[in-house]
Amino acid sequence: MTDTTGNPDPVKAQRHMLERLVCPVTQGQLRYDAEAQELISRVAHLAFPIRGGIPIMLASEARELE
């Protein structure tokens, strides 16, 4: 994960790391929503916030999805 100058690209690295996380409720796959800064668990119907670049993986902090 490097940019065109050969230096590490922190945005790509962060995205790659976020895509490796799993839902703490279902252990299922999460979808990264960059615009909303959330990790979405479709199975659990929860959206976990990302605050200051740190995913908050607590069910009590997650937003319920309709």
Side-chain angles (χ1 to χ4, degrees):
M1 287 179 245
T2 60
D3 63 15
T4 56
T5 63
N7 295 319
D9 184 348
V11 174
K12 283 186 181 179
Q14 180 183 15
R15 183 179 185 99
H16 180 71
M17 188 171 65
L18 291 174
E19 290 173 348
R20 296 281 187 223
L21 295 174
V22 296
C23 175
V25 176
T26 66
Q27 302 302 306
Q29 186 177 18
L30 295 168
R31 181 180 57 85
Y32 174 51
D33 184 339
E35 186 176 314
Q37 285 297 289
E38 293 179 323
L39 293 168
I40 309 296
S41 172
R42 291 183 182 154
V43 175
H45 302 283
L46 295 172
F48 297 91
I50 300 171
R51 298 183 188 134
I54 299 170
I56 310 301
M57 304 302 291
L58 301 170
S60 61
E61 293 289 320
R63 176 175 66 84
E64 289 190 34
L65 301 174
E66 296 179 5

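Annotation: salt bridge (charged side-chain N to carboxylate O under 4.0 Å, His left out) contacts involving residues 44-63, sequence neighbours excluded, comprise Glu38-Arg63, Arg51-Glu61. Residues in residues 20-31 take part in no salt bridge (charged side-chain N to carboxylate O under 4.0 Å, His left out) pair, two or more places apart or across chains.
Thr26 is listed as a side-chain neighbour of Ser41, based on a closest heavy-atom distance under 4.5 Å. A 4.5 Å side-chain heavy-atom check between Leu21 and Pro55 finds at least one atom pair inside the cut-off. For the pair Met57/Leu30, a side-chain contact is recorded, criterion being any heavy-atom separation below 4.5 Å from C-beta on. Here the side chains of Tyr32 and Leu39 are in contact, with some heavy-atom distance below 4.5 Å.
The neighbour count for Glu64 CD, taken as heavy atoms of other residues, nucleotides or ligands under 6.0 Å away, does not exceed 12. Atom CD of Gln29 has 12 or fewer heavy atoms from other residues, nucleotides or ligands within 6.0 Å.
Hydrophobic clustering, defined by side-chain heavy atoms of Ile, Leu, Val, Met, Phe, Trp and Tyr closer than 4.5 Å, groups Leu65 together with Ile40.
Separation of atoms SG (Cys23) and NE2 (His45) is listed at 11.0 Å; rounding is to 0.5 Å.
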